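What follows is one structure encoded as structure tokens, with my remarks underneath.
Numbers restart at 1 for each chain; the letters A, B, ... are given by sequence-line order, proteins then strands. Model, not experiment: these values are computed from the prediction.
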Amino acid sequence: MDKLNTRFPPSPTGYLHVGGARTALFGFVMARKTGGQFVLRIEDTDRARHDESAVDKIIEDLNWLGITWDQGPDIGGENAPYRQSERLHVYCQYVQKLLAAGKAYYAFDTPEELDAMRTSAQKAKQNFRYPRPNPLPTVEDAERARDEGRPVVVRFLCPGQDVTICDDAFGDVTMPADQTDDFIIQKGDMYPTYHLANVIDDALMGVNYIMRGQEFLGQSWRHKLLREAMGFDEPGYCHLPLIMDVQGRKLSKRDGDVEVFAFRQAGYLPEAMINYLALLGWNPGNDIERFSMAELIELFTPERVGKTNAKFDRDKLLAFNTDAIAAASEDRLLEAFKDYLSINETPIPSDDDDLLRRILRANKGFRTFADIIAKSGILFDADAVIEYEPKAVKKWLAKGDGAGWVMLAELRGRLDDCEWTVEAIDQLIADICQQHDIGMGKVAQPIRVAVTGRAVSPSIGETLTFLGKEQTLLRIENCMAARPNER
RNA sequence: GGCCCCAUCAUCUAGUGGCCUAGGAUUCUGGCUUUUCAUGCCAGCAACCGGAGUUCGAGUCUCCGUGGGGUCACCA
């Protein structure tokens, strides 16, 4: 297979969302698979929507996912710079060339005039096409327009022919000539439009394979025509089916919770994210669904990219995360857990690796790191105000003439002399069970409710050792004194 | 509205004319395991958008409908 050089060209307007992440992933995988270069390029030609902090966020999210690049704004490379705002002179040169060759021309319509034309085209049920002036405006015309305060842009002189794109996922797609028109390539502020800058940079940076969302498929004719006009080679294409939200609409960045960072913060593992994302619009062609990044690189092929849009299914992602956690080594889990703690406010101390490992083991079966906090967080918060869940109190303490209260009182006394280790505590409870000839639940649950207010926590020995003897006894006494929701 | 693209369980999908009584995964339901929760294990429910063709034979090919999505920006 030839070396395929790919790129991910985000526009820095916010956090990376799952759609962008998948696009980046496939580009990365394709380059790695073929030994080509993967380029990260920042397409910041929209000065109005530009958000400088977004660049770092995107880079951080990409790194968290395990996606790396060979050339990019943070590491440089032979085709630097990798921010389009630093490459303006390049685009200007090409605009001048196109102008000189008669392949582009100045235009100075106001937004209002353009709107009016579009509206009337819409009314006539016609497709709007920019009416090319005849004769074409001269440089002098442009200067005069500028003096009059009109916006001056440069439009591409569209050759007006059918344009066929050869796409590895969608096959040959033809845009009829009557759907093409003279689009803008340089804006009034002298910045290039996406179409121009993107095409020039891809060519100059050696990108020969383009993977992007399907929303660009119907616009690729512009890029092909532009390349022909500038004498660039045509790259290969692989448009990706769109990722939709649950309602079936295209995912947008306004849906804050589809940001990659939101999942990182919610306690997901990047390997689960990668695995799930890879299966959105692609599959290996068999029943295998769980695989690592290395396996994905091995298995991936553009021919197996699908054509139908996919809805983002959180339930399935959660299931993948559960599996990824089960499959991860404790070292890996520890590393990821620390990352989770570093970006969240929790009562769990993040500097004691041994303790963290114990917490991980005590919470076996957790689906996200957030589950650990929900289940064990309160054990590490000495100032926690215990809120007794009425249902738990009723079931494990009050029920049966307050058998639970009686048990709790006995426990309070015997725990006092108990050595404070998991083994000793478990042994003590087992002894009590035997003496009274009752099940574990009857003994462990009353304590659990007393010290956490709920019926859920790690196994009782772990729960109490995490809490500490002093806190345990204190919370039991508090509970007995408060006698919450007695009835 | 013009144009482009798409169409298998609720969701992600396998399926490239007979191997399909349509497979896997997620969800859901039932059961088992378990000192709690979660995990895990087992079982079950559940789909070829409609209509015409082509063919001995169609989920798979063709056409027409219908439905969905995208795009028509001085946003990318």
Side-chain angles (χ1 to χ4, degrees), chain A residues 9-13 43-46 48-49 107 109 111 114-115 118 121-129 151-155 165 167 170-171 173-176 178-181 183-189 191-195 197-198 212-221 239 241-242 244 246 248-250 276 279-290 306-320 322 325-326 363-367 371 374-375 392 396 426 429-430 433 439-445 447-449 452 454-461 463:
Chain A
S11 172
T13 53
E43 306 220 326
D44 55 351
T45 54
D46 183 346
R49 299 201 305 165
D109 311 270
L114 254 11
D115 269 356
R118 286 199 187 92
Q122 183 84 352
K123 268 188 188 144
K125 301 196 172 186
Q126 291 288 304
N127 180 228
F128 171 73
R129 301 180 73 201
V152 177
V153 301
V154 177
R155 282 179 183 269
I165 297 298
D167 188 90
F170 287 89
V173 178
T174 301
M175 185 58 72
D178 65 5
Q179 294 295 312
T180 67
D181 75 343
F183 56 93
I184 294 176
I185 56 175
Q186 187 178 66
K187 309 179 207 174
D189 61 6
Y191 271 62
T193 57
Y194 159 76
H195 304 294
N198 184 272
R212 58 174 25 159
Q214 192 200 155
E215 69 262 35
F216 292 104
L217 186 54
Q219 307 196 67
S220 295
W221 61 270
H239 283 86
L242 268 15
M244 324 293 268
V246 189
R249 301 276 163 194
K250 185 176 142 189
Y276 176 68
L279 250 12
L280 247 32
W282 177 86
N283 74 78
N286 49 35
D287 287 343
I288 298 172
E289 280 206 327
R290 313 300 156 106
K307 302 178 181 182
T308 58
N309 296 161
K311 287 181 183 147
F312 190 75
D313 182 354
R314 285 157 194 287
D315 289 331
K316 190 154 181 173
L317 206 213
L318 215 210
F320 273 59
T322 307
I325 284 170
N363 281 277
K364 253 196 172 38
F366 67 95
R367 313 192 73 183
D371 287 351
K375 198 157 137 182
W396 299 107
D426 283 347
I429 289 173
C433 287
M440 289 281 250
K442 292 253 194 311
V443 185
Q445 288 305 82
I447 320 180
R448 207 184 308 270
V449 174
T452 67
R454 299 167 314 194
V456 176
S457 81
S459 73
I460 203 65
T463 295

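In this structure, the ring pair (Phe, Tyr, Trp, His ring centres under 6.0 Å) partners of A/Y194, at least two apart in sequence or on a different chain, are A/F216, A/H223. For A/R118, the side chain to side chain donor-acceptor pair (under 3.5 Å) criterion is met by no residue, not counting sequence neighbours. In this structure A/F320 satisfies the ring pair (Phe, Tyr, Trp, His ring centres under 6.0 Å) test together with A/Y276, sequence neighbours excluded. With sequence neighbours excluded, the residues that form a salt bridge (charged side-chain N to carboxylate O under 4.0 Å, His left out) with A/D189 are A/R47. Legend: residues meeting salt bridge (charged side-chain N to carboxylate O under 4.0 Å, His left out) with A/K316, ordered by chain and number and at least two apart, are A/E289. Applying the side chain to side chain donor-acceptor pair (under 3.5 Å) rule to A/D426 yields no partners; only residues at least two apart in sequence or on another chain are considered. The ring pair (Phe, Tyr, Trp, His ring centres under 6.0 Å) search around A/W221 returns A/F183, not counting sequence neighbours. With sequence neighbours left out, A/N283 forms a side chain to side chain donor-acceptor pair (under 3.5 Å) with A/R304. A/N198 meets the side chain to side chain donor-acceptor pair (under 3.5 Å) test with A/R7, A/E43; sequence neighbours excluded.
Put simply, CZ on A/R314 is 19 Å from C1' on B/C28, counting in whole angstrom units. The CZ atom of A/R212 sits 17 Å away from the P atom of B/G70 (whole-angstrom rounding). Rounded to an integer number of Å, the gap from CG of A/D178 to C1' of B/C72 is 12 Å.
Residues A/S457 and A/R448 bring a donor and an acceptor atom of their side chains to less than 3.5 Å of each other.
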Base contacts versus sugar-phosphate-only contacts with protein, heavy atoms under 4.0 Å: please encode nucleotides 30-44 of chain B as B, S and - from 5' to 3'. -----BBBBSS----
Between protein and nucleotides 4-20 of chain B, map the contacts as a letter string: B base, S sugar-phosphate only, - none, heavy atoms under 4.0 Å, written 5' to 3'. SSSS---BBSSS-----
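Heavy atoms of A/R290 sit under 4.0 angstrom from primed sugar atoms or phosphate atoms, though from no base atom.
Atom C1' of B/G18 sits at a distance of 15 Å from the matching atom of B/C61, rounded to the whole Å. Separating the C1' atom of B/A25 from that of B/G15 is a span of 16 Å, rounded to the nearest Å.
Considering only heavy atoms from C-beta on, A/H239 stays 4.5 Å or farther from A/V173 through its side chain.
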Report all interatomic pairs (protein N or O, nucleotide N or O of nucleotides 73-76 of chain B) with separations under 3.5 Å.
residue, atom, partner, partner atom, Å
B/A73, OP2, A/R118, NE, 2.4
B/A73, OP2, A/R118, NH2, 3.1
B/C74, OP2, A/R118, NH2, 3.4
B/C74, O2, A/G188, N, 2.6
B/C74, N4, A/D109, O, 3.1
B/C75, OP2, A/K187, NZ, 2.7
B/C75, O2', A/D46, OD2, 3.0
B/C75, O2', A/R49, NH2, 3.0
B/C75, O2, A/R49, NH2, 3.3
B/A76, OP1, A/T45, O, 3.4
B/A76, OP1, A/T45, OG1, 2.8
B/A76, OP1, A/K187, NZ, 2.3
B/A76, OP2, A/Y194, N, 3.3
B/A76, O3', A/E43, OE1, 3.1
B/A76, N6, A/Q219, OE1, 2.8
B/A76, N6, A/Q219, NE2, 3.0
B/A76, N1, A/Q219, NE2, 3.2

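Of the nucleotides present, none pairs with B/U55 by Watson-Crick or G-U wobble criteria with both distances under 3.5 Å.
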